[in-house]
Amino acid sequence: MNAYAPILVLGALGAGFAIFSVVMATLIGPKRYNRAKLEAYECGIEPTPTPAGGGRFPIKYYLTAMLFIIFDIEIVFLYPWAVSFDALGLFGLVEMLLFVLTVFVAYAYVWRRGGLDWD
């Protein structure tokens, strides 16, 4: 249990700070609401009404989201490998090179197909 005590303390401090910040913002923050403040933030552009079933998103939106997930997962696998690099030896190095090569091939394919060009 002693090994997990710093993690639990840090989690409690983070949660406490988050709760404290939200409570203090509601108590101390300004309470002058107007129509502009209650609208969704749209970068200064008036929002346009959407159809009843929702609007259609361009496919580039989904491709960008999938690319983000792929590279985010790659980092999740790279971090533990880097921490235990000495213990894995040559086998770990070869396996990670194969993994990174596989991800790079997918990246090159998307780049070649124009998935990274935003129009």
Side-chain angles (χ1 to χ4, degrees):
M1 187 65 179
N2 283 340
Y4 296 110
I7 296 172
L8 294 174
V9 169
L10 186 63
L13 281 173
F17 178 74
I19 292 169
F20 175 77
S21 298
V22 170
V23 169
M24 292 309 289
T26 55
L27 293 177
I28 298 174
K31 297 181 178 36
R32 296 180 305 270
Y33 297 109
N34 57 24
R35 189 175 67 85
K37 283 188 177 183
L38 295 176
E39 287 185 7
Y41 181 68
E42 295 287 339
C43 301
I45 301 171
E46 287 293 323
T48 58
T50 57
R56 298 182 89 188
F57 287 101
I59 192 69
K60 299 256 184 193
Y61 172 79
Y62 297 108
L63 288 176
T64 305
M66 285 189 287
L67 282 174
F68 173 76
I69 290 171
I70 287 170
F71 290 111
D72 193 40
I73 290 172
E74 178 185 12
I75 295 301
V76 166
F77 285 119
L78 279 174
Y79 185 74
W81 171 79
V83 169
S84 63
F85 177 72
D86 290 337
L88 295 175
L90 183 62
F91 174 75
L93 179 64
V94 171
E95 290 298 319
M96 190 50 68
L97 285 176
L98 289 173
F99 175 71
V100 170
L101 180 68
T102 305
V103 173
F104 181 72
V105 167
Y107 175 72
Y109 173 76
V110 170
W111 189 359
R112 179 93 171 146
R113 298 281 298 184
L116 301 176
D117 297 331
W118 197 265
D119 296 331

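Both backbone and side-chain heavy atoms feed into the values below; hydrogens, waters and symmetry mates do not.
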Query raised in the report: How far does CD1 of Ile19 sit from CE of Met24, to the nearest 0.5 angstrom?
Result: 14.0 Å

Query raised in the report: Are Val103 and Tyr109 connected in the hydrophobic side-chain network, where two residues link if heavy atoms are under 4.5 Å apart?
Result: yes

**Report entry** Atom pair CG/CG of Leu13 and Leu10 - distance to nearest 0.5 Å
**Finding:** 6.5 Å

Query - Connected via hydrophobic side-chain network under 4.5 Å: Val105 and Val94 - result: no

Query raised in the report: Met96 and Phe91: same hydrophobic cluster, using ILVMFWY side-chain contacts below 4.5 Å?
Result: no

Query raised in the report: Among the clusters formed by ILVMFWY side chains lying less than 4.5 Å apart, do Ile75 and Leu97 turn up in the same one?
Result: yes

Report task. Check whether any side-chain heavy atom of Leu67 lies under 4.5 Å from a side-chain heavy atom of Val110, and answer yes or no. Result -> yes

Report task. Please step through side-chain contact (heavy atoms from CB on, under 4.5 Å) for the pair Phe99 and Glu74, ending with a clear verdict. Result -> CA-CA 9 Å; Phe99 175 71; Glu74 178 185 12; 3.7 Å; yes

Query raised in the report: Does some side-chain heavy atom of Val100 sit less than 4.5 Å from a side-chain heavy atom of Leu78?
Result: yes

Query raised in the report: Does the side chain of Tyr107 reach to within under 4.5 Å of the side chain of Ile70, using non-hydrogen atoms?
Result: no

Requested in this report: Find out if a path of hydrophobic residues (ILVMFWY) with successive side-chain heavy-atom gaps under 4.5 Å connects Leu88 to Val83.
Outcome: no

Query raised in the report: Ring centres of Trp81 and Phe77 under 6.0 Å apart?
Result: no

